[in-house]
Amino acid sequence: MLISGCSSSDDGRNNNPNLVDINFQYRINIESAEFNQLQFPGNQVPIYYEGVGIGGVVVYNVNNDLYLAYELSDPNHVPDQTCPGMTMNGIEATCSCEGNVYNIITGEQVEGEGDYAMKAYRVEKNGRFLTISN
């Protein structure tokens, strides 16, 4: 069963000149202590491991069947060393450099300026495991 946070229209998500397309695959056990918040709908966990996305990934449990994953680099500027990935506050991701704010359920920008929505990644659930990939 493939569960994805992508819509049928990827306008604003693909062809973003600010975020490179990198290939990665990361598997998490939602029953582990580190990720057990993902067992409950409405919870999210940011993942900031090297090789997982560009500047990290946030995973959100919509309803135990649907999980969403988004890049934590602001899609409306090029990531660099002076501007870390976005930080989470509830269901919003905020860029401390630009002040842009995004909703992690829709990926859409809710405050700030820019043309791009958050970069969505694929999420596949298999039992207690989630695989996030691009």
Side-chain angles (χ1 to χ4, degrees):
M1 172 187 295
L2 181 65
I3 307 296
S4 175
C6 299
S7 67
S8 59
S9 171
D10 280 337
D11 294 343
R13 296 180 197 272
N14 290 337
N15 302 317
N16 182 334
N18 300 317
L19 300 178
V20 297
D21 252 347
I22 60 168
N23 290 323
F24 74 93
Q25 184 175 28
Y26 188 70
R27 186 174 182 196
I28 62 174
N29 179 347
I30 61 174
E31 292 180 1
S32 70
E34 185 176 9
F35 299 109
N36 68 356
Q37 289 182 340
L38 289 175
Q39 293 183 62
F40 307 100
N43 283 344
Q44 50 84 14
V45 174
I47 302 169
Y48 294 106
Y49 296 125
E50 185 175 339
V52 181
I54 301 166
V57 172
V58 62
V59 181
Y60 180 80
N61 180 348
V62 176
N63 62 14
N64 285 338
D65 290 322
L66 176 62
Y67 290 82
L68 306 172
Y70 289 101
E71 173 61 43
L72 278 173
S73 295
D74 188 328
N76 287 297
H77 68 83
V78 176
D80 62 29
Q81 297 295 336
T82 62
C83 189
M86 294 189 283
T87 57
M88 296 303 307
N89 182 17
I91 61 164
E92 293 183 334
T94 303
C95 176
S96 60
C97 302
E98 304 291 329
N100 294 333
V101 179
Y102 303 85
N103 179 297
I104 64 165
I105 298 172
T106 65
E108 297 301 316
Q109 188 171 15
V110 294
E111 286 182 35
E113 295 182 19
D115 297 324
Y116 298 99
M118 293 179 80
K119 181 179 183 66
Y121 292 123
R122 288 182 291 279
V123 181
E124 180 180 344
K125 183 179 181 195
N126 186 358
R128 67 179 190 249
F129 294 97
L130 297 179
T131 302
I132 298 103
S133 62
N134 186 27

Stepwise side chain to side chain contact (heavy atoms under 4.5 Å, CB included) check, Y116 with L19: CA-CA 10 Å; Y116 298 99; L19 300 178; over 6 Å; no
Pairs satisfying disulfide (SG to SG under 2.5 Å), at least one member in residues 38-96, at least two apart: C83-C97
N18 side chain vs P75 backbone, donor-acceptor pair below 3.5 Å: yes
Hydrophobic cluster membership, I54 vs V45, 4.5 Å side-chain cutoff: yes
Test side-chain contact (heavy atoms from CB on, under 4.5 Å) applied to P46 - qualifying residues, sequence neighbours left out: Q44, Y48, L72, M88
Separation of N43 CG from L38 CG (nearest 0.5 Å): 7.5 Å
Rounded distance (nearest 0.5 Å) linking atom OH of Y121 with atom CD1 of I132: 11.0 Å
Test item: E71 side-chain N/O and G55 main-chain N/O as donor-acceptor pair under 3.5 Å: yes
CA sep, side-chain torsions, deciding dist, call: N76, Y102, side-chain hydrogen bond (donor to acceptor under 3.5 Å, both in side chains): CA-CA 11 Å; N76 287 297; Y102 303 85; 2.7 Å; yes
N/O donor-acceptor pair under 3.5 Å between K119 side chain and D21 backbone: no
In one Ile/Leu/Val/Met/Phe/Trp/Tyr side-chain cluster, 4.5 Å: V59, I22: yes
Co-membership, hydrophobic cluster, residues F24 and V20, 4.5 Å side-chain: yes
Joint cluster assignment, M86 & V78, ILVMFWY side-chain distance < 4.5 Å: no
Q39 side-chain N/O to I30 backbone N/O, donor-acceptor pair under 3.5 Å: yes
Derivation and outcome, side chain to side chain contact (heavy atoms under 4.5 Å, CB included), residues V57 and Y26: CA-CA 10 Å; V57 172; Y26 188 70; over 6 Å; no
Side chain to side chain contact (heavy atoms under 4.5 Å, CB included) assessment of L68 paired with I104: CA-CA 8 Å; L68 306 172; I104 64 165; over 6 Å; no
Closest contact, heavy atoms only, N61 versus Y67: ND2-OH, 3.4 Å
Set of side-chain contact (heavy atoms from CB on, under 4.5 Å) partners for S32, sequence neighbours left out: N29, E34, F35
Shared hydrophobic cluster for I91 and L66 (ILVMFWY, side-chain gaps under 4.5 Å): yes
Main-chain N/O of E113 paired to N100 side chain as donor or acceptor, under 3.5 Å: yes
Separation of E98 CD from H77 NE2 (nearest 0.5 Å): 4.5 Å
Expected output: side-chain N89 to main-chain E92 donor-acceptor under 3.5 Å: no
